[in-house]
Undergrad: 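Below is the structure I would like to discuss, written out as structure tokens.
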Protein chains: 2
Amino acid sequence: MAAGDDLVAEPPSRLAFLLAQHGAITNDRMRKAFGLAGLTTRQCLTLMLLAGGRMSQQALAEALAVDPSVLVAILNDLERARLAERRRDPADRRRHIVEITAAGNQALTRAQDAVAVVERELFADLDEDELVTLRNLLARVRTSPSDPLCTEE
Amino acid sequence: MAAGDDLVAEPPSRLAFLLAQHGAITNDRMRKAFGLAGLTTRQCLTLMLLAGGRMSQQALAEALAVDPSVLVAILNDLERARLAERRRDPADRRRHIVEITAAGNQALTRAQDAVAVVERELFADLDEDELVTLRNLLARVRTSPSDPLCTEE
DNA sequence: TATTGTTATACTCTATAACTATA
DNA sequence: TATAGTTATAGAGTATAACAATA
């Protein structure tokens, strides 16, 4: 959304509008939930990746689909807040190895709890079966850039 | 979303992530489709509203959920491209009445055709029944700010 | 010479408040 | 005094290219 978070207006008739609009609002709710834990969306996504193990900035940038220079800013903020740490890779001193800290894991837990609350609110009117159906249908929407029609410019 | 358009990374396990991510990508595809017709998303939404009849800027700004000062920029661009026109309301000379032009309607038609293409691509793997199910499930997601839990800050 | 991370710059969006002209 | 629209300004976010250290 940024630029994202467009389309928060008008009752849409087309399914694409409906999906875009509900997605934008969901994005917004999650951003607020992360905010309760003192995190931006990108900081939270970064911590989620780091929770799976240490990574180089290169790998992180690719996984987050952000420019390396953007990641620098994200990590500067996380490091200042003591939620993550950079250290040189002894094997290749050009590389930084990025690790989540204990405080980072705690912040991540708080953020994920907040998202769980958002989820319960968003999907309160759907039962278990419907949630499974929604998940399966969404998973089959062709949003992967794998097919040739969707090659990014 | 602008800003929006976050969350274009990582396989999400939570449904909220899935919805936010697919929504962001859908938003992005639509933005590109509108671009083919020479329109931004907001310009297109504005023309869609104007296609329903002339409106004051106040009413437009509220329907689009944008600040009046943002609408000024949108309308300046649309007017420069001769897709919409402002004229004073004789009944209250503070007001502007905004109208779509013939060229505006043509641009809107092109944009909507482009969105239809995007829709066919996105939902190519779903049959008619599934599309109806998806639409109904999405419509029941609590994204309206009507319930008290979601009061914006 | 290529790669990793960093810095600098510019451009877009957005939010806010101050301003004008009308009422 | 209040309202409709406009302008100006500052802040966040993003994209790009140039740069330093290391390989």
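Naming convention: chains lettered A, B, ... in sequence-line order (proteins, then strands); numbering from 1 in each chain.
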Undergrad: For DNA chain C, which residues in residues 69-77 of chain A have a heavy atom at a distance below 4.0 Å?
TA: A:Ser69, A:Val72
Undergrad: With a 3.5 Å cut-off and sequence neighbours excluded, list the donor-acceptor pairs that the side chains of residues 78-85 of chain B form with protein atoms.
TA:
from, atom 1, to, atom 2, distance (Å)
B:Glu79, OE1, B:Arg86, NE, 3.1
B:Glu79, OE1, B:Arg86, NH2, 3.3
B:Glu79, OE2, B:Arg86, N, 2.7
B:Arg80, NH1, B:Asp77, OD1, 3.1

Undergrad: Please check the phosphate of C:dT14 (OP1 and OP2 only) for any side-chain N or O of B:Arg42 closer than 4.0 Å.
TA: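 It does, given that an N or O in the side chain of B:Arg42 lies less than 4.0 Å from OP1 or OP2 of C:dT14.
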Undergrad: Whole-Å distance between D:dT3 P and B:Glu62 CD?
TA: 14 Å
Undergrad: Got B:Thr26 and A:Phe17 here, is their nearest side-chain heavy-atom distance under 4.5 Å?
TA: no
Undergrad: Roughly how many Å is it from CZ in A:Arg31 to C1' in C:dC13, rounded to a whole number?
TA: 14 Å
Undergrad: Each nucleotide in nucleotides 18-23 of chain D should get exactly one letter: B, S or -. Can you fill that in based on protein heavy atoms under 4.0 Å?
TA: ----BS
Undergrad: Starting from C1' on C:dA8, measure out to CG on A:Asp67 and report it in whole angstrom.
TA: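 Value for this atom pair: 13 Å.
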Undergrad: Decide whether B:Phe34 and B:Val70 are clustered together by the hydrophobic rule: side chain heavy atoms of Ile, Leu, Val, Met, Phe, Trp, Tyr closer than 4.5 Å, transitively.
TA: yes
Undergrad: Is the side chain of B:Arg142 donor-acceptor paired with the backbone N or O of A:Phe123 at a distance under 3.5 Å, no angle test?
TA: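 Such a contact is absent between B:Arg142 side chain and A:Phe123 backbone.
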Undergrad: Quick one: which of B:Thr133, B:Leu137, B:Leu18, B:Leu19 gives a side chain to side chain contact (heavy atoms under 4.5 Å, CB included) with A:Leu134?
TA: B:Leu137
Undergrad: In whole angstrom, give the distance that lies between atom CE of A:Met55 and atom P of C:dG5.
TA: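 So the two atoms are 11 Å apart, to the nearest Å.
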Undergrad: Expressed as a whole number of angstroms, how long is the span from B:Gln58:CD to D:dA2:P?
TA: 16 Å
Undergrad: Rounding to an integer number of Å, can you tell me how far B:His96 NE2 sits from C:dT20 P?
TA: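 It is 17 Å, rounded to the nearest whole Å.
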Undergrad: Is it true that B:Arg95 and B:Asp92 make a salt bridge, defined as a side-chain N closer than 4.0 Å to a carboxylate O?
TA: yes
Undergrad: Atom CG of A:Asp28 and atom P of C:dA15: how far apart are they, to the nearest Å?
TA: 10 Å
Undergrad: So, does A:Gln57 use its side chain to make a donor-acceptor pair with the main chain of A:His96 at under 3.5 Å?
TA: no
Undergrad: Rounding to an integer number of Å, can you tell me how far A:Leu64 CG sits from D:dG13 P?
TA: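 Atom-to-atom, A:Leu64 to D:dG13, this comes out as 15 Å.
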Undergrad: Closer than 4.0 Å, any side-chain N/O of A:Arg86 to the OP1 or OP2 of C:dT6?
TA: yes
Undergrad: Answer yes when B:Glu121 and B:Arg29 have at least one side-chain N-carboxylate O distance shorter than 4.0 Å, and no when they do not.
TA: no
Undergrad: Do NZ/NE/NH1/NH2 and the carboxylate oxygens of A:Asp28 and A:Arg31 come within less than 4.0 Å?
TA: yes
Undergrad: Pick the closest DNA chain D nucleotide for A:Thr40 and for B:Pro68 by heavy atoms, then say which residue is nearer the 5' end.
TA: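 So the residue in question is B:Pro68.
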